[in-house]
Amino acid sequence: MDRKAWVMRAVEALRYATFRDIQRYLDEEGEPFSKKELEDTLKALVQEGRLEEKEGLFRPARKRGGGEALKRLFGEE
């Protein structure tokens with residue numbers, strides 16, 4: 001798995017997680033990340049809309065409606 005997949009796996013398992021919670025989970029799974037790597041990956045996932053961050057807590061982004069998915073799939077805006 002790549003870095004983003006590992007971080008998504010951690011956040012999905014934890015549901016609501018702080019940076020330290022995610023870091024601890026990854027360490028326990030045998031995938032230690034440096035602080036910079038984890039920060040960069042979390043920022044990228046938030047920008048992509050795959051994670052939401054509020055007051056230091058990360059969670060998987062809420063699912064959008066089917067219409068939104070179709071628009072993204074076919075490139076309509």
Side-chain angles (χ1 to χ4, degrees):
M1 273 193 275
D2 67 345
R3 291 187 304 162
K4 289 180 181 179
W6 274 108
V7 172
M8 286 300 298
R9 179 178 178 178
V11 175
E12 288 169 353
L14 299 167
R15 301 306 301 160
Y16 290 91
T18 65
F19 179 88
R20 290 200 185 268
D21 294 334
I22 297 165
Q23 194 171 38
R24 186 177 310 117
Y25 179 93
L26 293 170
D27 285 343
E28 290 172 0
E29 290 294 312
E31 284 296 324
F33 280 50
S34 71
K35 184 177 178 182
K36 173 104 172 87
E37 281 180 321
L38 185 53
E39 286 173 349
D40 292 346
T41 304
L42 286 168
K43 285 179 188 177
L45 289 167
V46 168
Q47 286 178 343
E48 291 174 12
R50 295 175 60 193
L51 289 180
E52 294 178 352
E53 188 267 330
K54 184 173 183 181
E55 297 178 10
L57 285 176
F58 294 90
R59 69 176 186 181
R62 293 183 202 142
K63 303 291 183 199
R64 293 191 168 93
E68 179 73 23
L70 287 174
K71 286 180 183 178
R72 283 194 316 229
L73 179 64
F74 293 109
E76 298 173 15
E77 294 192 35

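Numbering starts at 1 and runs along the sequence shown.
Taking the side-chain contact (heavy atoms from CB on, under 4.5 Å) definition, one finds that A13 meets it with Y25, sequence neighbours left out. Applying the side-chain hydrogen bond (donor to acceptor under 3.5 Å, both in side chains) criterion to D40, with sequence neighbours excluded, gives K36. Judged as a side-chain hydrogen bond (donor to acceptor under 3.5 Å, both in side chains), and not counting sequence neighbours, K43 has no contacts. Residues that satisfy the side-chain contact (heavy atoms from CB on, under 4.5 Å) test with P32, not counting sequence neighbours, are D27.
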Stepwise, does the side chain to side chain contact (heavy atoms under 4.5 Å, CB included) test hold for F19 with L42?
-> CA-CA 9 Å; F19 179 88; L42 286 168; 3.7 Å; yes

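Put simply, CZ on F58 and CG on L14 are 12.5 Å apart, with the number rounded to the nearest 0.5 Å.
Listed by first and then second residue, the salt bridge (charged side-chain N to carboxylate O under 4.0 Å, His left out) pairs involving residues 10-24 are D21-R24 (not counting sequence neighbours).
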Less than 3.5 Å apart, which donor and acceptor atoms pair up between the side chains of residues 49-57 and the rest of the protein, not counting sequence neighbours?
unit_1, atom_1, unit_2, atom_2, d
E52, OE1, R59, NE, 2.8
E52, OE1, R59, NH2, 2.7
E52, OE2, R62, N, 3.4
E53, OE2, G56, N, 2.9

Sequence neighbours excluded and cut-off under 3.5 Å, please list the side-chain donor-acceptor pairs for residues 1-9, or say none.
unit_1, atom_1, unit_2, atom_2, d
D2, OD1, A5, N, 3.0
K4, NZ, E48, OE2, 2.3

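The side-chain heavy atoms of V11 and Y16, taken from C-beta on, include no pair separated by under 4.5 Å.
The shortest heavy-atom contact between F33 and Q23 is O-NE2, 4.2 Å.
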